[in-house]
Amino acid sequence: AEFLHLFVSLGSRLRQEDFPPRIVEHPSDVIVSKGEPTTLNCKAEGRPTPTIEWYKDGERVETDKDDPRSHRMLLPSGSLFFLRIVHGRRSKPDEGSYVCVARNYLGEAMSHNASLEVACK
């Protein structure tokens, strides 16, 4: 019984250390020229370490994690790095309103909105 009690108290102590994600660095609005690189920052804390996903105008953003040829890279910190901004008359895949979402088994946290605007040359 003593051993079981020890095991249970250890278990509850471990559980207390786990905590839901919280965003500690939010992305900022950026204005960037077509073809230029840029970064939208996002950093989250949580235990276990949260996974980060980005959404643009409510749709999940594809990164190099989904397609190695993507021009958008999800950095280890959680930030979203654009190798170059893609922007054409018909297609504007990068312009829009972004949020990052951090998740672990205890819940999720969403960042503030950040707008990425492409400057006209």
Side-chain angles (χ1 to χ4, degrees):
E2 191 56 40
F3 173 74
L4 192 66
H5 175 73
L6 191 72
F7 186 72
V8 168
S9 67
L10 181 70
S12 63
R13 202 157 65 235
L14 285 174
R15 268 203 306 281
Q16 277 169 4
E17 289 177 6
D18 283 0
F19 61 94
R22 59 172 178 259
I23 307 285
V24 292
E25 190 181 342
H26 291 266
S28 303
D29 295 347
V30 290
I31 298 174
V32 64
S33 298
K34 182 178 122 176
E36 291 294 308
T38 194
T39 306
L40 290 172
N41 289 323
C42 178
K43 203 185 232 166
E45 287 177 349
R47 191 176 295 121
T49 303
T51 58
I52 302 276
E53 284 190 321
W54 283 87
Y55 292 83
K56 178 178 83 88
D57 304 327
E59 303 254 316
R60 193 174 158 277
V61 173
E62 280 210 342
T63 68
D64 62 320
K65 299 276 182 277
D66 307 294
D67 177 355
R69 293 163 311 182
S70 175
H71 69 289
R72 302 183 199 98
M73 298 173 73
L74 185 61
L75 302 181
S77 65
S79 295
L80 184 63
F81 175 67
F82 298 78
L83 289 166
R84 62 188 181 284
I85 292 299
V86 176
H87 195 78
R89 225 169 290 164
R90 280 186 222 89
S91 172
K92 300 173 171 55
D94 293 335
E95 196 166 59
S97 179
Y98 288 80
V99 294
C100 73
V101 179
R103 293 186 181 93
N104 68 16
Y105 79 95
L106 286 168
E108 62 177 55
M110 186 185 279
S111 72
H112 306 322
N113 277 313
S115 70
L116 188 156
E117 207 178 308
V118 181
C120 299
K121 285 266 196 236

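Predicted model only: the values in this text are computed from it and were never measured.
The aromatic rings of F82 and H71 lie tilted to each other, with the angle between the two planes from 30° to 60°.
The two residues G35 and R84 come nearest to each other via the heavy atoms O-CB, 3.4 Å. Of all the heavy atoms in S70 and L83, the pair that sits closest is O-CD1, 4.2 Å. Residues V61 and D66 share a closest heavy-atom pair of O-OD2, 3.9 Å. Across K56 and K92, no two heavy atoms sit closer than the pair NZ-O, 4.0 Å.
No donor-acceptor distance shorter than 3.5 angstrom exists from the side chain of D18 to the backbone of L106, with no hydrogens or angles considered. In this structure, D67 contributes its side chain and D64 its backbone to no donor-acceptor pair below 3.5 Å. Judged by distance alone, the side chain of T63 and the main-chain N or O of K65 form a donor-acceptor pair under 3.5 Å. The backbone N or O of C100 sits less than 3.5 Å from a side-chain atom of S111, completing a donor-acceptor pair. Between the side chain of N104 and the backbone N or O of F19, at least one donor-acceptor pair lies under 3.5 Å. Using modelled atom types, one side-chain atom of D57 and one backbone atom of S97 make a donor-acceptor pair closer than 3.5 Å.
Of the N and O atoms on the side chains of S79 and N41, at least one donor lies less than 3.5 Å from an acceptor on the other residue.
Using a cut-off of 4.0 Å between Lys/Arg side-chain N and Asp/Glu carboxylate O, R72 and D94 are scored as salt-bridged. Ionic pairing of E53 and R60 is present here: one or more N-O contacts between side-chain nitrogen and carboxylate oxygen are shorter than 4.0 angstrom.
Both I85 and V30 belong to a single network of hydrophobic side chains, linked directly or stepwise wherever heavy atoms of I, L, V, M, F, W or Y lie under 4.5 Å apart. W54 and L116 fall within a single hydrophobic cluster, where Ile, Leu, Val, Met, Phe, Trp and Tyr side chains are chained together by heavy-atom contacts under 4.5 Å.
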